[in-house]
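Working notes for the structure below.
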Amino acid sequence: MVVIFLWKRKGQSMAVLLISTATWVLLEVYQFSFLTVISWAAMFVVTSMFLWGNILRLLGKDVPDMSWLEISEESTIEMVNGIRAWIEEGIRWMFRVSAERDWFVFVRTVAGLLLLSYVGTFSDLLTLLYIGIVTGMTVPVLYMKYEDNIKRQMEWVKGQSRRFYDMIDEKVVKNMKNKIVKVKKEKKVE
């Protein structure tokens, strides 16, 4: 959700895109391990803060207050409650889909999960996350820019699919219903 709303803030959006691209390149292209990249990032931050603090002391300036870096208990509890609610909703959704009597909802869900697992065989989690971040940052911008064209095309697709549905309904479904009715009438006559 954060990524979708981030595109309105160009500076933060570019930082997220650069960091995610650099992480993906380091982990996928150069085959570094996650622990190595995290260690290097931590070393960079610690070294930068050390140099910055010493340079400020050499220049006779006060070291700035870093208390704003603390994570408050309220924000931590809010984040944990949000994650817990998201997990609970996912579990409720799984039970709802498996317990519903609507067979088509179940089949669509299983087919979607099967498709997701098939797509997952071609890529790993990191690549899928990277694709999700890039998509989440570009699709809203493209939608805002071409909103009228997209709506017009969606109306055309709805019309075409409705026409296709009516054609299938007329040629196949009604034909099958007529045959079933004829068979039932023949059985009643006998």
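What you see is a predicted model, and the numbers here were worked out from it, not measured in a lab.
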Check your understanding: Checking side chain to side chain donor-acceptor pair (under 3.5 Å) for the pair Ser33/Thr36: CA distance, chi angles, key distance, verdict?
Key -> CA-CA 5 Å; Ser33 69; Thr36 303; 2.7 Å; yes
[atom1] of [X]: more than 12 outside heavy atoms within 6.0 angstrom?
X	atom1	value
Phe34	CZ	no
Arg163	CZ	no
Glu147	CD	yes

If Ile, Leu, Val, Met, Phe, Trp and Tyr residues are connected whenever their side-chain heavy atoms lie under 4.5 Å apart, and connections chain through other members, are [X] and [Y] in the same group?
X	Y	result
Trp40	Val29	yes
Leu116	Tyr118	no
Met43	Val46	no
Tyr143	Met137	no
Met144	Leu142	no

Practice item. Could you walk me through whether Tyr146 and Lys151 pass the side-chain contact (heavy atoms from CB on, under 4.5 Å) test, one step at a time? Key: CA-CA 9 Å; Tyr146 300 108; Lys151 285 182 179 179; over 6 Å; no
Point to revise | Partner residues of Arg96 under the salt bridge (Lys or Arg N to Asp or Glu O under 4.0 Å) criterion, sequence neighbours left out | key: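 Applying salt bridge (Lys or Arg N to Asp or Glu O under 4.0 Å) to Arg96 gives Glu89.
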Point to revise | side-chain contact (heavy atoms from CB on, under 4.5 Å) between Asp62 and Leu56, intermediate numbers included | key: CA-CA 7 Å; Asp62 291 332; Leu56 286 176; over 6 Å; no
Review point. If you measure from CD1 on Ile38 to CG on Leu35, what distance do you get to the nearest 0.5 Å?
Key: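 Between Ile38 CD1 and Leu35 CG, I get 8.0 Å after rounding to 0.5 Å.
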Review point. For the atom pair CG (Leu114) and OG1 (Thr109), what is the distance rounded to the nearest 0.5 Å?
Key: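 Separation between the atoms: 12.5 Å.
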Check: residues 77-85 side-chain donor-acceptor pairs under 3.5 Å, at least two apart:
residue : atom : partner : partner atom : Å
Asn81   : ND2  : Ile77   : O            : 3.3
Arg84   : NH1  : Glu88   : OE1          : 3.4
Arg84   : NH1  : Glu88   : OE2          : 3.0

Check your understanding: Under 4.5 Å between any side-chain heavy atoms of Met154 and Ile150, yes or no?
Key ->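 Yes. Closest side-chain heavy atoms under 4.5 Å.
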Point to revise | Heavy-atom pair with the smallest gap, counting every atom of Asn149 and Arg152 | key: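 That closest heavy-atom pairing would be OD1-NH2, 2.7 Å.
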Check your understanding: What closest approach, in Å, do Ile71 and Thr76 show between heavy atoms, and which atom pair accounts for it?
Key ->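 That closest heavy-atom pairing would be CG2-OG1, 3.2 Å.
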Point to revise | ILVMFWY clustering at 4.5 Å (side-chain atoms), partners of Trp156 | key: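 Joined to Trp156, directly or through intermediates: Val157.
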Exercise for review: Would you please classify the geometry between the Tyr30 ring and the Phe32 ring as parallel, tilted or perpendicular, with 30° and 60° separating the classes?
Suggested key: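 Tilted, since the angle between the ring planes falls between 30° and 60°.
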Review point. Does Met49 have any side-chain contact (heavy atoms from CB on, under 4.5 Å) partners at least two apart in sequence or in another chain, and if so, which?
Key: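 side-chain contact (heavy atoms from CB on, under 4.5 Å) list for Met49, sorted by chain: Val45, Trp52, Met66.
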Exercise for review: With sequence neighbours excluded, tell me which residues meet side-chain hydrogen bond (donor to acceptor under 3.5 Å, both in side chains) with Ser48.
Suggested key: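 In terms of side-chain hydrogen bond (donor to acceptor under 3.5 Å, both in side chains), with neighbours along the sequence ignored, Ser48 is linked to no residue.
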Distance-only criterion, 3.5 Å: show the donor-acceptor pairs between side-chain atoms of residues 125-133 and protein atoms not counting sequence neighbours.
residue : atom : partner : partner atom : Å
Thr127  : OG1  : Trp24   : NE1          : 3.1
Thr127  : OG1  : Asp124  : OD1          : 2.8
Tyr130  : OH   : Thr21   : OG1          : 2.9

